[in-house]
Amino acid sequence: MNIQFMKRAIELARNGMEQNEGGPFGCVIVKNGEILAEGNNRVTTDNDPTAHAEITAIRRACETIDDFQLTGCDLYTSCEPCPMCLGAIYWARPDRIFYACSRDDAADAGFDDEFIYRELDISPIERRISMKQIGRNEALVLFNEWKEKEDKFVY
């Protein structure tokens with residue numbers, strides 16, 4: 001743990017906010033004591049709802065090391081990751097996450113993800129956005145082929 005990396009994440013959050021690139025969120029990914037990648041929220045600049053600071057930094061870090069996993073890395077973020085970012089972080093598999101503000105702090109500033117947390121706990125047919133399963137048999141063929149694929153890259 002190094003407070004300087006958190007200070008850099010907070011600085012990125014401030015810079016992005018002041019340049020109207022998105023909300024006040026920044027992220028730094030560190031490996032072996034060196035900054036591997038940085039990111040700030042770019043949702044409104046890029047017109048991309050997935051362009052959160054953590055996602056931006058993960059994409060850059062993975063590109064830098066030419067790998068889809070961040071084993072051996074630490075992730076410093078100015079705020080507790082939202083559900084989307086947390087999912088991406090888990091898929092990227094860094095060793096540790098350090099965060100500054102909590103999700104309650106974010107909610108107080110108008111970034112309330114609580115409804116998403118609640119949506120994850122209910123069945124798909126009860127969610128706010130309509131979800132209906134179709135084409136399962138056709139798509140299931142792919143999973144069966146995947147299970148038999150000998151040259152697959154398991155991740």
Side-chain angles (χ1 to χ4, degrees), residues 5-6 8-30 36-65 67-71 73-147 149 152-155:
F5 295 132
M6 183 58 74
R8 178 62 183 153
I10 294 167
E11 179 182 10
L12 290 165
R14 175 180 296 285
N15 291 344
M17 178 185 71
E18 289 177 350
Q19 294 174 25
N20 289 320
E21 293 180 334
F25 303 97
C27 181
V28 173
I29 298 176
V30 176
L36 190 60
E38 301 178 332
N40 63 282
N41 185 294
R42 298 187 50 82
V43 170
T44 57
T45 300
D46 294 352
N47 291 319
D48 180 354
T50 69
H52 290 199
E54 297 90 340
I55 303 291
T56 302
I58 288 169
R59 288 174 179 158
R60 290 175 179 164
C62 289
E63 185 176 320
T64 297
I65 63 172
D67 198 344
F68 59 88
Q69 293 187 338
L70 298 175
T71 307
C73 295
D74 291 334
L75 187 143
Y76 291 81
T77 182
S78 62
C79 187
E80 181 179 355
C82 75
M84 175 187 68
C85 291
L86 190 58
I89 291 166
Y90 269 87
W91 280 115
R93 296 179 176 90
D95 290 358
R96 298 181 295 182
I97 303 167
F98 299 99
Y99 65 94
C101 291
S102 70
R103 70 192 208 192
D104 294 329
D105 297 325
D108 186 56
F111 299 96
D112 191 357
D113 300 326
E114 191 58 38
F115 78 96
I116 299 172
Y117 288 102
R118 285 192 308 270
E119 290 283 301
L120 293 173
D121 284 336
I122 60 177
S123 71
I125 62 169
E126 296 177 35
R127 293 182 179 153
R128 287 186 192 182
I129 297 175
S130 175
M131 295 181 74
K132 181 169 175 53
Q133 187 176 24
I134 63 171
R136 179 178 181 266
N137 291 335
E138 293 83 356
L140 197 54
V141 170
L142 294 175
F143 283 129
N144 291 328
E145 289 175 13
W146 174 259
K147 289 189 282 187
K149 186 172 171 52
K152 64 185 167 195
F153 195 143
V154 180
Y155 58 96

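If you read the sequence from its start, that first residue is 1, and numbering goes on from there.
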*Any side-chain heavy-atom pair from L12 and V28 closer than 4.5 angstrom?*
yes

*asked:* Please give me the minimum heavy-atom distance between R128 and E119, naming the atom from each residue.
replied: N-OE1, 2.8 Å

*Looking only at non-hydrogen atoms, find the nearest pair between C79 and A106 and report the distance.*
SG-CB, 3.7 Å

_Residue pairs fulfilling salt bridge (charged side-chain N to carboxylate O under 4.0 Å, His left out) with at least one residue in residues 97-110, sequence neighbours excluded_ = R103-E114

*Option from L142, L140, V141 for which side-chain contact (heavy atoms from CB on, under 4.5 Å) with N144 holds*: L140

*Among pairs that include at least one residue of residues 50-63, which meet side chain to side chain donor-acceptor pair (under 3.5 Å), considering only residues two or more places apart or in two chains?*
D48-T50, T50-R59, E54-T77

*Should we count CD1 of I134 as having more than 12 external heavy atoms under 6.0 Å?*
no

_Nearest-0.5 Å distance, CD of residue Q19 to CZ of residue R42_ = 9.0 Å

*Sequence-distant partners of E138, salt bridge (charged side-chain N to carboxylate O under 4.0 Å, His left out), two or more places apart*: none

*Look only at the side chain of S78 and the backbone of A9, and say whether a donor-acceptor pair between them is shorter than 3.5 Å.*
no

_Atom pair CZ/OH of R8 and Y76 - distance to nearest 0.5 Å_ = 14.5 Å

*Output the distance between atom OH (Y99) and atom CD1 (I89), rounded to the nearest 0.5 Å.*
11.5 Å

*Step through the shown structure and confirm whether more than 12 heavy atoms of other residues, nucleotides or ligands are within 6.0 Å of OH on Y90.*
no

*Pairwise side-chain contact, E38 with N40, heavy-atom cut-off 4.5 Å (strictly under)*: no

*Verify the neighbour count for atom CZ of R14: are there more than 12 heavy atoms of other residues, nucleotides or ligands below 6.0 Å?*
no

*Do I116 and C82 come within less than 4.5 Å of each other through their side chains, counting heavy atoms only?*
no

*So, for P81 and Y117, which heavy atoms are closest and what is the spacing to 0.1 Å?*
O-OH, 3.4 Å

_Working to the nearest 0.5 angstrom, can you tell me the gap between L86 CG and I97 CD1?_
6.0 Å

*asked:* Using 0.5 Å steps for rounding, measure from the SG atom of C73 to the CZ atom of R96.
replied: 11.0 Å

*Spell out, as yes or no, whether a donor-acceptor pair under 3.5 Å connects the side chain of R93 to the backbone of T71.*
no

*In Å and rounded to the nearest 0.5 Å, what is the CD1 to CE distance from I125 to M131?*
11.0 Å

*Minimum-distance pair of heavy atoms, taken over all atoms of A61 and A37*: N-CB, 3.4 Å

*If every non-hydrogen atom of A100 is compared with every non-hydrogen atom of I10, which pair is closest and at what distance?*
CB-CD1, 4.4 Å

*asked:* Using the rule given for side-chain contact (heavy atoms from CB on, under 4.5 Å), can you reason through I29 versus D74, listing the C-alpha separation, both sets of side-chain angles and the distance that settles it, and then say yes or no?
replied: CA-CA 6 Å; I29 298 176; D74 291 334; over 6 Å; no

*Evaluate the side-chain contact (heavy atoms from CB on, under 4.5 Å) criterion for residues T44 and N20: first the C-alpha distance (whole Å), next the side-chain angles of each, then the deciding distance (0.1 Å), finally the verdict.*
CA-CA 8 Å; T44 57; N20 289 320; 6.0 Å; no

*asked:* For a 4.5 angstrom cut-off between non-hydrogen side-chain atoms, does P24 reach N41?
replied: no

_I want to know whether F5 and F98 have ring centres closer than 6.0 Å._
no

